[in-house]
J.: 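Below: one structure in structure tokens.
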Amino acid sequence: MNKKRMLFYLITARPDNSEQSELIKGISKQASEMDIDIAVVSNIYNTSEYNKFFSLENGIYNLIKSSEPDGIIVDTDVLLSDELRNNIVSMLDTVSYIPVVYIGTKISGVSCIDNDTATDIEKVTDHFIEVHGFYDIDILTGPDEEGVSRERVRGYKTSLEKHGIKFDKSKVVFGNFWINTGEELAQKYISGERRIPQGVVCTNDYMAYGLCDKLTEKGVKIPEDIMVIGYEYIHERLYHHPLITTYKRDREYLGAKSVIELYEKVSGKKYNSNISESGNMIYGNTCSCAEDSAVLLSEKKEMIENRGYMLCNENGELEQYLAEARSVMDMVWILRRYSYFIPPVQSLYMCLFDDWCMSVRDTNEHLMTCYPVIDIVCNIDNIYHFSYDELMPDELRNTENPSVFYFCPICFIEETFGYAILRVCENEPFKPAFRELLKVISNSLKFLKMKNDIEYLFTCQNLSVFHDSTTGLCNRAGFESEFMIAVKKTVSASFFLVCMFDINFSSKDVTLEKDIMSKRLKVCMKVADELMELSKDKNNFCGRLDDNRYVFAVSEIETEEKCRLTADKAFIKLFYTLLENQNINISFAVHSDKISSFDFDFCFEKLEKELENQAESAEDNYKKSGYEKYSELRWQIYKNPSLDINAEDASRKFCMSSGHFRSIYRKLFKISFHQDLINSRVSYAKYLLATTDISISAIADKCGYGDDKHFLHQFRLVTGYTPLKYRDKNI
């Protein structure tokens with residue numbers, strides 16, 4: 001990557017908003033002058049309150065933790081959710097070595113740079129007094145408790161006092177910076193609760209829209225009966241009546257200033273700049289000054305262009321063709337074919353997690369694939385692989401001139417697929433049509449994922465009667481069918497073995513519901529893989545009877561001893577496969593009989609009854625006081641069989657006598673603590689003997705035996721075999 005060129009992040013939201021466009025324009029111009037790349041990291045919905053349907057999109061801000069940025073700019077004005085704002089500040093604390101500049105609304109514990117809004121509002125008030133000769137002027141501002149509201153009132157007060165007009169607190173109306181506040185003030189004027197003044201200073205445009213819309217609706221003439229001036233210059237004037245006069249806040253200056261200040265923090269050098277703040281009035285019809293026709297024409301042109309692209313997406317065929325895609329590359333080709341639906345960009349990329357389409361994703365996996373859709377800078381035929389921590393492929397930044405990149409999430413409710421990267425053309429904003437396009441892409445990826453799953457199921461529909469659709473193992477009907485086939489081809493003198501077991505998550509597992517589903521699916525696939533491994537022999541087969549219950553069977557076993565050893569091996573392998581999951585319990589039951597007298601229904605009824613009894617016993621244990629602590633100890637013993645511990649050591653941790661400890665342990669687990677220690681070591685030894693070819697001495701050492709003879713003695717005492725004989729019988 002071109003490390004000579006700095007990269008600054010802009011953390012913002014809804015970049016298609018006009019206020020953000022102005023800010024980014026200032027950042028872009030200044031960064032281009034200073035040869036700095038800009039990465040605009042933004043969500044696309046930006047709800048003001050937590051909403052589970054859109055909260056996942058805010059995962060895009062995890063890019064803060066990537067290793068790429070030299071500095072970060074955070075626009076606090078547009079982070080509507082307090083939770084989101086606090087999360088971003090917390091993430092920035094984890095990368096405290098990266099310089100940060102905050103702009104906009106001040107937040108607790110953080111200093112922010114902002115426009116001189118007090119001076120701006122002073123100029124608006126000056127206009128009423130000096131141009132229109134008014135002295136009776138109300139001001140509508142934000143919440144009383146917010147500093148930004150008070151700051152704007154200060155500008156209003158300064159103007160009044162400068163012109164010899166006494167400041168009257170009753171003429172200050174506090175609101176919430178939104179349309180409904182303007183509507184409420186209008187209702188008070190109409191009802192006579194407040195006297196209608198000569199003019200109203202609205203400290204943002206949204207409140208001005210609400211005020212003017214409601215007054216006009218009720219027959220109040222503007223500007224004849226009352227004049228209104230807004231603040232900010234939000235590009236939505238054409239949707240309200242009458243066309244408001246407003247003061248344009250110089251957000252371009254704010255953007256340029258933030259780049260300069262961040263550069264000075266990063267480099268430690270002073271940057272000489274001649275930028276200056278210069279807001280200005282934008283005239284409409286809510287004061288008697290003539291409207292600015294050039295500005296109005298520009299707004300109409302912007303609206304028509306945006307609406308044109310929106311109509312293309314609403315009424316065109318792009319979404320329908322994307323629904324037919326059978327692969328990501330199909331989607332890429334369709335997007336290229338209908339690229340005239342997309343506003344002009346230099347580059348558009350889809351960056352997807354490598355496992356985006358998996359039902360269970362590895363949340364620690366950060367490999368990504370970058371699919372170029374449009375690229376007039378780099379080779380469009382290249383598909384790039386890169387790490388999430390790298391932000392984007394090196395090739396995208398290795399260009400002659402600095403660029404502005406937009407990073408926006410591609411996600412569907414609670415599934416995240418990756419993100420899109422847009423490199424816009426010079427001086428072009430992020431348009432609302434891009435936002436709609438990202439929604440279409442997200443929906444299409446979800447549909448593609450679902451469609452491929454359905455096609456897989458249709459491909460396997462001939463197996464659906466006898467097989468479990470999740471694992472591919474036999475279901476109960478399939479297992480019975482396999483049994484009937486085995487009976488026909490098995491010698492009547494041989495034995496038939498059935499091992500049935502339940503895999504249950506303990507009731508103390510407090511994992512979140514969505515994570516529990518993911519965890520259970522992973523466990524399910526682990527069990528299925530192990531059973532398939534055990535069933536490689538032609539006489540072995542296995543199944544999944546329901547969500548938690550599995551079965552493993554072997555036909556043509558010569559002796560009862562071999563049945564016992566085979567069942568023991570199956571249990572041991574499953575036990576150690578799942579041992580890393582502390583909150584999983586395995587219930588195990590076994591039945592074997594001569595094939596000539598084997599009763600399938602009796603076998604299943606017996607095994608299922610035994611498993612139910614084990615489950616009831618386990619549930620009773622969960623309810624007993626102190627069970628969790630004893631269960632944790634037992635799990636540690638089996639997970640670490642070489643652990644050097646005795647009952648005296650364990651009882652001290654439980655703050656009780658060793659005798660009392662032993663008594664409780666035996667009641668809970670139906671085995672003495674000492675014998676359980678021996679069993680943990682012997683069980684692990686059996687697992688190593690059955691699955692590896694390492695030496696007996698090495699196994700003894702791994703199981704915590706310093707003396708091989710002691711290991712041999714205890715192993716034989718528990719199993720009835722020497723380790724070598726046990727290994728020979730399990731080959």
Side-chain angles (χ1 to χ4, degrees), residues 463 466-491 494-504 520-579 581 584-595 598-615 683 686-687 689-691 719 726 729-731:
L463 305 177
F466 296 111
H467 285 74
D468 170 64
S469 60
T470 302
T471 62
L473 302 180
C474 293
N475 57 22
R476 184 174 182 127
F479 189 86
E480 186 170 359
S481 175
E482 290 281 356
F483 168 75
M484 298 305 297
I485 294 170
V487 168
K488 291 179 181 178
K489 64 179 183 180
T490 303
V491 178
S494 64
F495 285 84
F496 191 87
L497 168 73
V498 177
C499 307
M500 190 179 291
F501 45 92
D502 284 352
I503 308 295
N504 291 304
R520 286 181 176 175
L521 186 55
K522 285 184 178 180
V523 168
C524 171
M525 298 313 295
K526 275 189 176 182
V527 173
D529 288 344
E530 193 58 53
L531 289 177
M532 293 297 287
E533 182 68 25
L534 286 167
S535 302
K536 282 184 176 179
D537 188 276
K538 65 178 182 178
N539 296 322
N540 302 359
F541 52 99
C542 57
R544 185 187 187 208
L545 306 183
D546 60 30
D547 287 350
N548 303 317
R549 185 159 293 172
Y550 299 79
V551 64
F552 169 66
V554 184
S555 61
E556 294 193 36
I557 300 179
E558 297 82 8
T559 63
E560 287 185 336
E561 178 192 35
K562 186 65 176 176
C563 285
R564 189 171 61 253
L565 286 168
T566 302
D568 188 56
K569 179 180 178 180
F571 174 78
I572 289 293
K573 290 193 74 176
L574 278 168
F575 179 83
Y576 283 98
T577 295
L578 301 178
L579 185 59
N581 299 283
I584 290 179
N585 297 308
I586 306 176
S587 303
F588 191 78
V590 179
H591 177 74
S592 62
D593 202 350
K594 289 279 185 71
I595 193 70
F598 197 95
D599 185 324
F600 183 89
D601 292 331
F602 170 79
C603 168
F604 264 51
E605 183 177 343
K606 173 191 171 186
L607 295 178
E608 288 173 341
K609 183 66 176 175
E610 188 172 340
L611 291 178
E612 287 169 9
N613 291 338
Q614 291 181 36
S683 294
K686 290 194 290 184
Y687 175 74
L689 288 165
T691 59
T719 66
Y726 184 88
K729 287 183 173 290
N730 274 289
I731 293 177

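Reckoned from all heavy atoms, side chains included, excluding hydrogens, waters and symmetry mates.
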J.: How long is the gap from CZ on Phe496 to NZ on Lys594, to the nearest 0.5 Å?
T.: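 One gets 15.5 Å once the value is rounded to the nearest 0.5 Å.
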J.: Side-chain contact, heavy-atom cut-off 4.5 Å: Cys524 with Thr471?
T.: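 A side-chain contact under 4.5 Å exists here.
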J.: Is Glu561 salt-bridged to Lys729, cutoff N-O under 4.0 Å?
T.: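 Salt bridge between Glu561 and Lys729, a charged N being under 4.0 Å from a carboxylate O: yes.
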J.: So do Ile584 and Asn504 actually touch side chain to side chain, heavy atoms under 4.5 Å?
T.: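 No, too far: nothing below the 4.5 Å cut-off.
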J.: Under 4.5 Å between any side-chain heavy atoms of Met532 and Leu473, yes or no?
T.: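 SC-SC contact between Met532 and Leu473 confirmed.
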J.: Going from CG on Asp546 to CD on Glu608, what distance comes out if it is rounded to the nearest 0.5 angstrom?
T.: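 Reported to 0.5 Å precision, the distance equals 8.5 Å.
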J.: Residues in salt bridge (charged side-chain N to carboxylate O under 4.0 Å, His left out) with Arg564, at least two apart?
T.: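 If we apply the salt bridge (charged side-chain N to carboxylate O under 4.0 Å, His left out) test to Arg564, skipping adjacent residues, there are no hits.
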J.: Could you tell me which non-hydrogen atom of Phe602 sits nearest to which non-hydrogen atom of Asp599, and how far apart they are?
T.: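 Heavy atoms of Phe602 and Asp599 come nearest at N-OD1, 3.0 Å.
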J.: Can you find a heavy atom in the side chain of Leu545 that is under 4.5 Å from one in the side chain of Met500?
T.: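 Side chain of Leu545 against side chain of Met500, heavy atoms only: contact under 4.5 Å found.
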J.: Taking the six-membered ring where the residue is Trp, are the ring centres of Phe575 and Phe588 under 6.0 Å apart?
T.: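 Ring-ring flag for Phe575/Phe588: false, centres at least 6.0 Å apart.
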J.: More than 12 non-hydrogen atoms from neighbouring residues, nucleotides or ligands closer than 6.0 Å to CD on Glu560, yes or no?
T.: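 Not buried by this count: 12 neighbours or fewer within 6.0 Å.
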J.: With the side chain counted from C-beta on, respond yes when Lys562 and Phe495 share a heavy-atom pair under 4.5 Å apart, and no when they do not.
T.: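 In short, these two side chains do not touch, never coming nearer than 4.5 Å.
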J.: Under 4.5 Å between any side-chain heavy atoms of Asn540 and Leu534, yes or no?
T.: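 No, their side chains stay 4.5 Å or more apart.
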J.: What's the shortest heavy-atom distance between Cys542 and Cys474, and which atoms?
T.: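 Smallest interatomic distance, heavy atoms only, reads O-CB, 3.4 Å.
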J.: Short question: side chain of Thr577, backbone of Lys573 - any donor-acceptor pair under 3.5 Å?
T.: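 Side chain of Thr577 to backbone of Lys573: a pair is present.
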J.: Might you work through the side chain to side chain contact (heavy atoms under 4.5 Å, CB included) test for Glu530 and Leu578, ending with a clear yes or no?
T.: CA-CA 10 Å; Glu530 193 58 53; Leu578 301 178; over 6 Å; no
J.: Calculate, to the nearest 0.5 Å, the distance between atoms CG and CG belonging to Asp593 and Leu497 respectively.
T.: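 Result: 11.0 Å between the selected atoms.
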J.: Please confirm whether Phe604 and Phe479 have ring centers closer than 6.0 angstrom.
T.: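 Close enough - the centres of the two rings lie under 6.0 Å apart.
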J.: Hey, what do you get for CG (Leu607) to CZ (Arg549), rounding to the nearest 0.5 Å?
T.: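 Reported to 0.5 Å precision, the distance equals 9.0 Å.
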J.: Sequence neighbours excluded, which residues qualify as salt bridge (charged side-chain N to carboxylate O under 4.0 Å, His left out) partners of Lys538?
T.: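 If we apply the salt bridge (charged side-chain N to carboxylate O under 4.0 Å, His left out) test to Lys538, skipping adjacent residues, there are no hits.
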J.: Kindly write out the residues that satisfy ring pair (Phe, Tyr, Trp, His ring centres under 6.0 Å) with Phe552, not counting sequence neighbours, or none if the list is empty.
T.: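 Phe552 satisfies ring pair (Phe, Tyr, Trp, His ring centres under 6.0 Å) with no other residue.
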J.: Passes side chain to side chain contact (heavy atoms under 4.5 Å, CB included), Tyr550 versus Leu574? Steps please.
T.: CA-CA 11 Å; Tyr550 299 79; Leu574 278 168; over 6 Å; no
J.: Answer yes or no: is there a side-chain heavy-atom contact under 4.5 Å between Phe571 and Cys499?
T.: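 Heavy-atom side-chain distance check fails, nothing below 4.5 Å.
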J.: To the nearest 0.5 Å, how far apart are CG in Leu611 and CZ in Phe501?
T.: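 So the gap between those two atoms works out to 10.0 Å.
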J.: Once you round to the nearest 0.5 Å, how far does CD of Glu558 lie from SG of Cys563?
T.: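 Glu558 CD to Cys563 SG: 9.0 Å, rounded to 0.5 Å.
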J.: Are the side chains of Leu565 and Tyr726 in contact, using a 4.5 Å heavy-atom criterion?
T.: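 Yes, close enough: below the 4.5 Å cut-off.
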